[in-house]
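Notes follow the structure.
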Amino acid sequence: MCGIIGYVGPRECRDLLLEGLRRLEYRGYDSAGLSLLSEEEIGSVHAVGNLERLRDAVADGNGHLRGSTGIGHTRWATHGRVTEANAHPHSDTTNRVHIALNGIVENWSELRQRLAATGAEFTSETDAEVVAHLIAHHLNGEQAVPASPSASRDLAEAVRLAYNDLRGHYAFVAMSADHPGVLVGARKECPLVVGIGEGESFIASAIPAFLAETRNVQLVQDGEIVELSPSGSRFIEPVSGAPIERAIEEVDWDDEAAEKGGYESFMLKEIHEQADAVAETLAGRLDSEAIDLGDIGIPDEFLRNVRRVVIVACGTSYHAGLVGRYSIETWARVPAEMDVASEFRYRNPLLDERDLVIGISQSGETADTLAAMRLARERGAKVLSITNIMGSQATRDADGVIFTRAGLEIGVAATKTFVAQVIAMQLFALKLAGLHGTLGPEVTTTLITQLRRMPHMIAELVDSVDEQARRIADQFKDCGFFLYLGRHVGLAICLEGALKLKEISYIPTDAYAAGEMKHGPIALLDENTPVICVATDSPVLDKMMSNIAEVQARGAHVVAVATEGTHVDAEEVIKVPRTDWLLQPALAIIPLQLVAYYIARARGLNVDQPRNLAKTVTVE
Ligand code: F6R
């Protein structure tokens, strides 16, 4: 995920900004940039690659870049390639307004056309650049280029007007050459925090960026604008422009805690980032009646005639693929198969040019998945990659790509990238259904409306089930074995829940299709066995209920994950919000991640770096 830092005060701030960006490096980035305001001119430097490259670029300018008001950014590309021109900060046509933005502006294309019609000249492929032009447009009395160089409005007012034109989820910071000593930030869902120092102020996407300078923090809430000057901050409500009171809080984190955003581990932080990851993965891809994935590199004409979809992946990505397989078959009525990449590549698979092979890989570097994708291409199939990493090998070995936009995942156990993969697969399945005309407009609109609400549902769920997950973990932390049972997409969630528990707690687990239980695994059940049952809403819920009754008859403990409003007769029931049944997986996994997490923590284990595991598996 991208990082923002801004400073306004008496100090020469170039190195302060570079240091702030260094402290945000853990979030992941592919390019970076700085803009500084000095003597009513803004200088800017961009670089592709790591911060060393940015430092070199700054040094090449012979110290040209100076100023005591400035902004910096690390970019994780979402719209537009990884190039210097696409790196932030972005500026308006006259180079008077600069902005650094995290997140996505959904209506960028329509704004770009509107602004271009008033004379704005665009220099990047990004959605973010429109924000600089839009603020300039409001500063200049609704013109892209001012009649006279003096600004007519104050910067905060221009940002407020711009904010009301924007759709999407983002956080940005703006500076203007005509407003020295002022920065203005705005937050719509993406995080933004203010740091108040002695005669100086900071703004950033995360506290670690300025923690070495001040521990006095003000949290910018969703839907707020903040104006910063060396003497402090002024919070503004964006619709009315009314002032908002905001207390200063003191944070007592050390550097390590700060990197984890105050969470005790990266894994817990990333579980809490799932709402954001899903919001980013959905951003700009939902029209009211259809899915717009943009140019994914696979022509619609091919997808309309596709004979079969074959999905290949490893580990957690395989489980996301399973959800995708069910979604494709149910919604698009296209035959879909799922295989473990390391099996697929050695089974001499039958493929031809009518087939689409989808390789899912968070890292885009997993050896078996890449080999399976290459094999598919050799045999004439079209290959689509679903990955989280721009420029990864998977993007080069595929005909087309859909990016999950979950941001960097540091915890070895995949959490937010899994949920983003599930959503990306479901977007693709809906697109395919649209091309095959298999879902009526009403069903499509309902699914799209529910997908739109998914980030909010996830955010609420992560908080609301936390206490229950801790309690369940405490009750079962010493058990020697866990069984997971589910059907259909519930089975995919069981497989993923069981993998999470075994990889971070080292407790043996098994995940089974509930209908198979009577064919063997039932022998494992006794009064000491916890059985996690995914019993969310589905056409096979009655069957799942019978399986739960069978488990209880053997004295085992049932922890069921069920949909709100459904009665499930179990010792412990975790409720997830009601949605269309096929959208339940992205919700149902959350309590299972948390239960696994708290069991591992109760056993005193390092959840971020489990034994014998690496984040990226590049060997065969
Ligand atoms: C488990 C986990 C792994 C990965 C697998 C594939 O938590 O993270 O099972 O899912 O190694 O990795 P990618 O998705 O990078 O191909």
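Read the numbers this way: they start at 1 and go in the same order the structure lists the ligands and their atoms. Atoms considered below: every heavy atom in the structure, side chains included; atoms not considered: hydrogens, waters and symmetry mates.
- Only the backbone of Val412 comes within 4.0 Å of ligand 1, counting heavy atoms alone; no side-chain atom from C-beta on gets that close.
- Counting the atoms of ligand 1 from 1 in the order shown, those under 4.0 Å from a heavy atom of Gly315 are 9 (O), 10 (O).
- In the vicinity of Lys500, heavy-atom distances shorter than 4.0 Å reach the ligand 1 atoms 1 (C), 7 (O).
- Between the CD1 atom of Ile358 and the OG atom of Ser385 there is a distance of 10.0 Å, given to the nearest 0.5 Å.
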Throw together a table of side-chain donor-acceptor distances under 3.5 angstrom for residues 457-464, partners on residues two or more places apart or in other chains.
| from | atom 1 | to | atom 2 | distance (Å) |
| --- | --- | --- | --- | --- |
| Ser464 | OG | Glu460 | O | 3.2 |
| Ser464 | OG | Leu461 | O | 3.4 |

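- Here the protein heavy atom with the shortest distance to atom 12 (O) of ligand 1 is Thr366 OG1, 3.4 Å.
- The heavy atom nearest to atom 5 (C) of ligand 1, out of those in Cys314, Ala313, Ser392, Ala341, is found in Cys314.
- The shortest N or O to N or O distance between Thr316 and ligand 1 is below 3.5 Å.
- Within 6.0 Å of atom CZ in Arg81, 12 or fewer heavy atoms from other residues, nucleotides or ligands are found, so the atom counts as exposed in its surroundings.
- Ranking the protein heavy atoms by distance from atom 14 (O) of ligand 1 puts Ser317 OG, 2.5 Å first.
- Side-chain rings of Trp581 and His488 approach one another, their centers coming within less than 6.0 Å.
- Figure legend: Lys382 and Phe302 shown as a cation-pi pair, the cationic atom lying under 6.0 angstrom from the six-membered ring centre and within 45 degrees of its axis.
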Taking distance alone, no hydrogens or angles, what donor-acceptor pairs closer than 3.5 Å link side-chain atoms of residues 307-314 to residues at least two apart or in another chain?
| from | atom 1 | to | atom 2 | distance (Å) |
| --- | --- | --- | --- | --- |
| Arg307 | NE | Asp355 | OD1 | 3.1 |
| Arg307 | NH2 | Asp355 | OD1 | 3.3 |
| Arg307 | NH2 | Asp355 | OD2 | 3.0 |
| Arg308 | NE | Asp355 | OD1 | 3.4 |
| Arg308 | NH1 | Glu337 | OE1 | 3.4 |
| Arg308 | NH1 | Glu337 | OE2 | 3.0 |
| Arg308 | NH2 | Leu350 | O | 2.6 |
| Arg308 | NH2 | Asp355 | OD2 | 3.1 |

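- At least one N/O-N/O distance between Ala414 and ligand 1 falls below 3.5 Å.
- Within ligand 1, counting atoms from 1 as listed, the ones closer than 4.0 Å to a heavy atom of Ala413 are 7 (O).
- Here OG1 of Thr536 is found 5.0 Å from CD of Gln584. Values are rounded to the nearest 0.5 Å.
- In summary, the atoms of ligand 1 found under 4.0 Å from a heavy atom of Gln362, numbered by their order in the structure, are 13 (P), 14 (O), 15 (O), 16 (O).
- Atoms of ligand 1 found under 4.0 Å from any heavy atom of Glu503, numbered from 1 in the order shown, are 1 (C), 7 (O).
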